[in-house]
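Residues: numbered from 1 along the sequence shown. Counting convention: from 1, in listed order, for ligands and their atoms alike.
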Amino acid sequence: MKGMVILISGRGSNMQALVEAGLPVAAVISNRADAAGLAYAVGRGIATAVVAHRDYATREAFDAALAQAIDGFRPDLVALAGFMRILTDSFVLRYQGRMLNIHHSLLPAFSGLDTHARALAAGVKLHGCTVHFVTAELDHGPIVIQAAVPVLPDDDEAQLAARVLAQEHRIYPRAARWFLEGNLVVENGLVRVKGDHPQQLYAP
Ligand code: GAR
């Protein structure tokens, strides 16, 4: 199987799930030196790098430095895992068709931030998470897999977030493995998995 570079900004629990699934992780790169997830990667003997966005005057300059760091590891897949940066169009184009993101909502609902609070405020009865290919539009792009969880009457934001996060850790490794094994087919913006693996999970 070919390798992947994972981009993180913080805790890195999705990165950890990808590593623990036994996927070939060439490196973990963060835009923040204090990202908690970096210590986990170091502990696992995985190469790490920090490209600090604060060191660059423009988004373009930061993205160019980030691309240089990524390309040094020659990955087949770039996996965004809680990477909290808006990406320039040219960066997205460079990795088009080989960059995945995980988002904590059932896209296209609740793109952007504060998804759990917004789901509670909207009164939705199902919430969840999505792995999708990255395109120029934030939190859009062809959907690879989604997991749905119930929103329970007494949920607060933390309870709902935890229920969703557990499913993020299930679907991201699955999606990354499909990609790395060459099993994802994108046609007209829709993603199919060779072998008819289910692209949806329902969690209690
Ligand atoms: C995850 O819930 C992920 O879905 C979300 O950030 C969290 C990162 O957690 N991603 C985004 O908001 C991207 N738009 P983690 O660092 O523990 O993986």
Numbering as shown, the atoms of ligand 1 that approach E168 to under 4.0 Å (heavy-atom distance): 1 (C), 2 (O), 3 (C), 4 (O)
So which protein heavy atom does atom 10 (N) of ligand 1 come closest to, and at what separation? I102 O, 3.5 Å
Out of H169, H116, H104, indicate the one that has the non-hydrogen atom closest to atom 5 (C) of ligand 1. H104
Contact (N/O only, under 3.5 Å) between N14 and ligand 1: yes
Looking only at atom types and distance, does a side-chain atom of Q146 sit under 3.5 Å from a main-chain N or O of L107, one as donor and one as acceptor? yes
A student comparing M84, R11, Q16 should find that the heavy atom closest to atom 11 (C) of ligand 1 comes from M84
Shortest protein contact, atom 6 (O) of ligand 1 (heavy atom only): G82 CA, 3.8 Å
Shared hydrophobic cluster, L23 / V131 (ILVMFWY, side-chain heavy atoms < 4.5 Å): yes
Relative to ligand 1, is D139 under 4.0 angstrom through side chain, backbone, both or neither, heavy atoms considered? side chain
Please confirm whether the backbone N or O of A21 pairs with a side-chain atom of R177, one donor and one acceptor, at under 3.5 Å? yes
What are the atoms of ligand 1, with element, lying closer than 4.0 Å to any heavy atom of H103? 4 (O), 14 (N)
hydrophobic_cluster_shared for Y56 and V92, side chain cutoff 4.5 Å: yes
Any atoms of ligand 1 less than 4.0 Å from a non-hydrogen atom of G12? List them with their elements. 15 (P), 16 (O), 17 (O), 18 (O)
Can you check which of S13, G112, A36 brings a heavy atom nearest to atom 15 (P) of ligand 1? S13
For residues 116-174, which residue pairs pass the ring-ring contact (aromatic ring centres under 6.0 Å, His included) check, not counting sequence neighbours? H104-H116, H116-H127
Decide salt bridge (Lys or Arg N to Asp or Glu O under 4.0 Å) for R94 and D63; before the verdict, give the C-alpha distance in whole Å, the side-chain angles of both, and the deciding distance to 0.1 Å. CA-CA 11 Å; R94 184 185 191 95; D63 279 6; over 6 Å; no
Would you find a donor on one side and an acceptor on the other, under 3.5 Å apart, between the side chain of R163 and the backbone of P150? yes
